[in-house]
2 protein chains.
Amino acid sequence: MDERARHLLKSLIEQHIAKGVPVGSRQLVRDAGLNISPATVRNVMADLEDEGYLISPHTSAGRIPTHVGYRFFVDALLRVVPLSAESHRLLVHRIGFRAPDTEQVLHAATGILSELTRMAGFVRVPRRATRILRHVDFIALHEREVLAIFVTDKGDVENRLIRTEHPFGAAELAQAANFFNATYGGRPLQDVIHNLQRDLQQSRHEMDRILRSAMALGMEMLEEDQQRMLIEGEFQWLDMPELAGSERLRELLAAVRQKRDLVHLLDESMRGSEVRLFIGEESGYAPLSDCSVVSAPYSVDGEVVGVLGVIGPMRMPYQQIIPLVDGTAQLLGRALSQS
Amino acid sequence: MDERARHLLKSLIEQHIAKGVPVGSRQLVRDAGLNISPATVRNVMADLEDEGYLISPHTSAGRIPTHVGYRFFVDALLRVVPLSAESHRLLVHRIGFRAPDTEQVLHAATGILSELTRMAGFVRVPRRATRILRHVDFIALHEREVLAIFVTDKGDVENRLIRTEHPFGAAELAQAANFFNATYGGRPLQDVIHNLQRDLQQSRHEMDRILRSAMALGMEMLEEDQQRMLIEGEFQWLDMPELAGSERLRELLAAVRQKRDLVHLLDESMRGSEVRLFIGEESGYAPLSDCSVVSAPYSVDGEVVGVLGVIGPMRMPYQQIIPLVDGTAQLLGRALSQS
DNA sequence: ACTGGCACTCATGATGGTTGAGTGCCAAGG
DNA sequence: CCTTGGCACTCAACCATCATGAGTGCCAGT
């Protein structure tokens, strides 16, 4: 593909992103500022269509980019602009400092993402496997119900009701908690789980039952957040013509509620450390075949623990969205690292 | 209004709810099973329109009920059918037993409400003012950050990060927690707040700082859930023709996200103990002027603590929806009362 | 290699007629 | 006085037709 073709492709995609309608040769030649005739442009466009970058919705409309076209655009043609001062100020204001509660920070990040990009924003909740276990408490709630509370070094609190086979007294539970804190406190949760499994096989003393339950709880804790993600601003999709056909929209909403496959997709994008794009069919996930996902992993204390981003139609202003997602990821990571 | 007019009104509204289109004299006379002519029916309908029960969308369409018409319908004409065995079974299955986590039960209730009614479902989180304080824990997280954890008798756990002016040692915090538990444990949260306020004014000993913080935390705890409500299934509104005009829908979604006025409306409906309907403009809340809200308060241990219900277009099958909302409220109350 | 010309396509929007369900009103009949 | 049939009128919805205009592919000439 020669320089002129690249320029035309870039111009076409930019114009389509801006206007949302198919772009024809006349429009394009005017916008691109080249001194050639529409007929020439048509030839070039025909070539680009053959190579899979463009497609015509019908014979006599202009052309729109395919997912291949968008991919080439973002990889080779797009020059990302730095985050505007205004946006950066807003981001900092909303998530720049540590809120008292992790959940609140995540919420704020999801919300601001959605507002600034005018797409649906999502945040995968941070993995807790590497968090340090700070404190454990067992509280007898009723006859055979024990409330277990875990606290991590970042102040995240997780609790679970455990039904036990036999009643536990307050003293027993206090003893168990003391033992638990002394033995496993100050270690990363993943180590705690691992050690618990090992220890439980070896010793079988009085505390076994409650410890076993606690282990199950710990497991759940680590497993549960595999599924969790926040998503907000789906309503932004309402006035996007390419998704408006309520058939498509319903499907998308259902898929997003389902979350499972989505989470799988995102986990994959946590491997890198950069902004990542899934354009159209690239996600390999049918309900998203008309959509793009822009995601960026975020890190706490230098370790990637989650991923956030936006979901919208393929036609999105990547130029602004990429730095926004990137910036949000960085600020969220920083906010969660504080304290 | 004579018997025949009532019968016709009932028939018309039922038909309109079923079909969604304006009902004309011919249709109506066929459906109502009366042995009178369409012309007669037209006269009756004209009267009903004069009295404000009906309205014509345009000259040559049939008639549809106004909010006044619906109100008369539900108050005087509707005979509520008992919950179907099938629905009841489903409800019990989803929220009939206590899940380990209050949040999960609330979620389940919101979800099943939305599914069964095919409207958006909401649940106002239970007031905790009357819950018994079971346990308090203060954990030093960092230099001047204390994590405070409250546990109520139902196993609800609330935590808040408190930034203190001066550092606290672990021993100090343990002492404070012991004192706190001994003094205020076993009392309803509202009493705790009250007593804290009183006690803080009287005594000004060493613990003042942490107790003052604890008091602030307690306040927050009780105030925060004034705003909280879960809402789910807004997407059901997508294929309701009367809301489809994306203008209206946007407005509604925005209003529902905002929640504030909605919560105010619902708090009012917590006073009674019965199912309550706000039809159209009755809510006095502009974005809901085309919608109805069906709500029912739910009780824990015999005391009303929250309210749940559905939001949808005025045209909803009240006959089925009212018992569904009612039944959900009862089961949710029961589920939260257990344990 | 580029360009102008040409025939062709097709979504869009305007026009207009038809249909059908529905209305209000009136005069006649029980 | 209520009810009814009749009648003229209204209006959304549907359909077909047509013009418009933006756009295309192809070809022959520079």
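Residue numbering restarts at 1 for every chain, and letters A, B, ... go by the order of the sequence lines.
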Heavy-atom closest pair, residues A/G309 and A/L113:
O-CD1, 3.3 Å
Looking only at non-hydrogen atoms, find the nearest pair between B/P313 and B/M119 and report the distance.
CD-SD, 3.8 Å
Taking only N/O atoms, report every protein-nucleotides 9-11 of chain D pair under 3.5 Å with atom names and distance.
residue, atom, partner, partner atom, Å
D/dT10, O2, B/S60, OG, 2.9
D/dC11, OP1, B/T59, OG1, 3.2
D/dC11, O4', B/S60, OG, 3.2
D/dC11, O2, B/S60, OG, 3.3

Please check: side-chain N/O of A/S25 versus main-chain N/O of A/V41, any donor-acceptor pairing under 3.5 Å?
no
Minimum side-chain heavy-atom gap A/C291-A/L243 below 4.5 Å:
yes
Any A/R63 side-chain nitrogen or oxygen under 4.0 Å from OP1 or OP2 of D/dA22
no
Do A/L277 and A/V293 have side chains that approach each other closer than 4.5 Å (heavy atoms only, starting at C-beta)?
no
Results of side-chain hydrogen bond (donor to acceptor under 3.5 Å, both in side chains) for A/S283 - residues two or more places apart only:
none
Atom CZ of A/R26 and atom P of D/dG25: how far apart are they, to the nearest Å?
16 Å
Nearest 0.5 angstrom please: A/I13 CD1 to A/L9 CG, how far?
4.0 Å
Salt bridge (charged side-chain N to carboxylate O under 4.0 Å, His left out) contacts touching residues 275-297 of chain B (sequence neighbours left out)
B/R71-B/E282, B/R248-B/D290, B/E268-B/R276
Below 4.0 angstrom, which residues in residues 2-21 of chain B have at least one non-hydrogen atom near DNA chain D?
B/R4
Are the side chains of A/D267 and A/R124 in contact, using a 4.5 Å heavy-atom criterion?
yes
Under 4.0 Å, heavy atom to any atom of DNA chain D: which of residues 34-55 of chain B qualify?
B/N35, B/I36, B/S37, B/A39, B/T40, B/R42, B/N43
Which is true for A/S25 with a 4.0 Å heavy-atom rule: it touches a base, it touches only sugar-phosphate, or it touches nothing?
sugar-phosphate
Identify every side-chain donor-acceptor pair in residues 51-65 of chain A under 3.5 Å, counting partners at least two apart or on other chains, and give the distances.
residue, atom, partner, partner atom, Å
A/H58, ND1, A/S60, N, 3.3
A/R63, NE, A/E49, OE1, 2.7
A/R63, NH2, A/E49, OE1, 2.8

